[in-house]
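A quick write-up on the structure given underneath.
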Number of protein chains: 2
Amino acid sequence: MHANHPLTEDLGFLLSRASGVLARSASEALAPLGLRVRSYSVLDLVDEDGDGVTQRRLAATMGLDPSQIVALVDDLEKRDLVTRAPDPTDRRNKLIAITEAGHQVCRQARERVAAASDGHFEGVSPQDLDHLRYMLRRIAFPESDLDDREAVALGGHGN
Amino acid sequence: MHANHPLTEDLGFLLSRASGVLARSASEALAPLGLRVRSYSVLDLVDEDGDGVTQRRLAATMGLDPSQIVALVDDLEKRDLVTRAPDPTDRRNKLIAITEAGHQVCRQARERVAAASDGHFEGVSPQDLDHLRYMLRRIAFPESDLDDREAVALGGHGN
DNA sequence: ATCAACAATTGACATCATCAACTGTAGTTG
DNA sequence: CAACTACAGTTGATGATGTCAATTGTTGAT
């Protein structure tokens with residue numbers, strides 16, 4: 001008899017709650033590597049993108065203010081997990097690229113996070129997880145629901 | 001062509017991102033009422049629970065440290081949206097109950113939040129939303145997957 | 001009467017979010 | 001070229017949040 005509260009049916013609340021659960025889990029898994037959830041996100045986004053990524057882009061993808069990226073990259077750079085170099089094409093941009101050490105750490109981090117996350121998805125089927133991913137992507141990245149299909153239709157750019 | 005980053009397929013990341021999107025939306029919707037997402041959550045949980053709720057319970061439901069509830073209730077109490085009274089049965093507990101004014105504000109808040117949220121779910125069917133709710137509940141409240149089924153088993157009152 | 005367990009509270013401290021201001025670079029216009 | 005605008009990154013201030021240890025008051029049991 002604790003259900004029935006409108007709040008516990010509210011998607012925003014459930015998202016926040018579920019997100020918190022996963023974040024804690026990931027946080028614990030990453031601690032031994034000296035990473036936090038945020039720095040791991042940066043590392044992961046930079047990984048497998050040999051050309052380097054601008055900080056602006058990182059900020060946009062992570063949904064953060066660009067100013068917050070600075071400290072994250074500072075830390076990763078200080079530990080030689082990423083490099084930060086001005087873009088030759090446009091010296092305003094700084095291209096963040098991963099180092100070999102960073103790549104290794106990133107791999108370990110992925111494994112740890114995945115292992116830690118698995119426990120939370122036990123009751124859910126793989127198809128349901130895919131479905132969940134799909135829906136969350138639509139909510140998290142609304143304007144780019146063009147990812148997998150007709151990327152054309154919208155003349156403008158929504159919002 | 002920006003997809004394919006493992007991170008953007010990671011459920012933890014997607015949850016955090018989607019949660020952030022909804023939270024901002026709700027935050028803007030609630031600002032005119034002088035509420036934040038957190039205080040709205042408290043208000044909503046207290047509403048429709050005439051008997052009053054202990055702060056411990058609020059903390060557990062919201063996934064917060066009990067110490068954080070104090071300030072939230074302080075604020076709501078100061079504005080006469082809730083009352084805080086010692087439980088006659090066990091004077092350690094304080095029962096938080098809603099006031100008439102609180103009930104009214106809560107209703108407005110719900111409408112505003114719902115209106116603001118709707119925009120984020122446009123592309124998703126009602127059944128998918130139900131499904132989403134269901135899965136999120138499983139992730140957010142793992143031990144209580146009894147919600148929809150044998151909610152009886154525990155003689156007590158959950159938790 | 002003493003003790004352990006618990007709810008609420010306080011305070012300290014680190015993290016994070018939000019914004020405004022500043023620097024350096026690029027592109028445009030006169 | 002000079003002046004202007006626009007942008008990426010950076011810094012700093014300020015408030016909100018998360019986390020934890022310690023305290024107070026209350027309960028229940030010994």
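Quick note: numbers below take in every heavy atom, side chains included, and nothing from hydrogens, waters or symmetry partners. Numbered from 1 within each chain, the chains take letters A, B, ... in sequence-line order.
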I need a per-nucleotide contact map over nucleotides 19-30 of chain D, read 5' to 3'. Cutoff is protein heavy atoms under 4.0 Å; write B for the base, S for backbone only, - otherwise.
BB----BBS---
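The phosphate of D/dG18 (OP1 or OP2) has a side-chain N or O of B/R38 nearer than 4.0 angstrom. Between D/dC7 and A/R57, no contact under 4.0 Å exists linking OP1 or OP2 to a side-chain N or O.
The ring-ring contact (aromatic ring centres under 6.0 Å, His included) pairs that include a residue from residues 95-133 of chain A are A/H131-B/H131, where partners are two or more places apart or lie in different chains.
One atom, CG of B/L72, and another, C1' of D/dG18, lie 13 Å apart when rounded to the nearest Å. Between the P atom of D/dC7 and the CD atom of A/Q55 lies a distance of 18 Å, rounded to the nearest Å. When rounded to the nearest whole Å, the span between CZ of A/R84 and C1' of D/dG9 equals 9 Å. Between A/N93 atom CG and D/dA6 atom P there is a gap of 18 Å when expressed in whole angstrom units.
In this structure, B/E111 has no side chain to side chain donor-acceptor pair (under 3.5 Å) partners at least two apart in sequence or on a different chain. Residues satisfying the side chain to side chain donor-acceptor pair (under 3.5 Å) test with B/E100, not counting sequence neighbours, are B/Q104. Evaluation of the side chain to side chain donor-acceptor pair (under 3.5 Å) rule for A/Q68 yields no partner, not counting sequence neighbours.
Between B/R133 and B/D130 a salt bridge is recorded (basic side-chain N to carboxylate O distance below 4.0 Å). Contact check on A/D74 versus A/R84 returns a salt bridge, with a Lys/Arg side-chain nitrogen under 4.0 Å from an Asp/Glu carboxylate oxygen. Comment: B/K94 does not engage B/D87 in a salt bridge, judged by the lack of any side-chain N to carboxylate O separation of less than 4.0 angstrom. For A/R107 and A/D47, the salt-bridge test fails: no basic side-chain N is under 4.0 Å from an acidic carboxylate O. A salt bridge links A/R137 with B/E9: the closest approach of a Lys/Arg side-chain nitrogen to an acidic carboxylate oxygen falls below 4.0 angstrom.
Among the protein residues, B/L64 comes within range of the sugar-phosphate backbone only, with heavy atoms under 4.0 Å from sugar or phosphate atoms but none that close to a base.
Along DNA chain C, read 5' to 3', the first and last nucleotides having any atom under 4.0 Å from a heavy atom of chain A are C/dT15 to C/dA26.
Toward the 5' end of DNA chain C, the nearer of the two residues B/P66 and A/R36, judged by each one's closest nucleotide, is B/P66.
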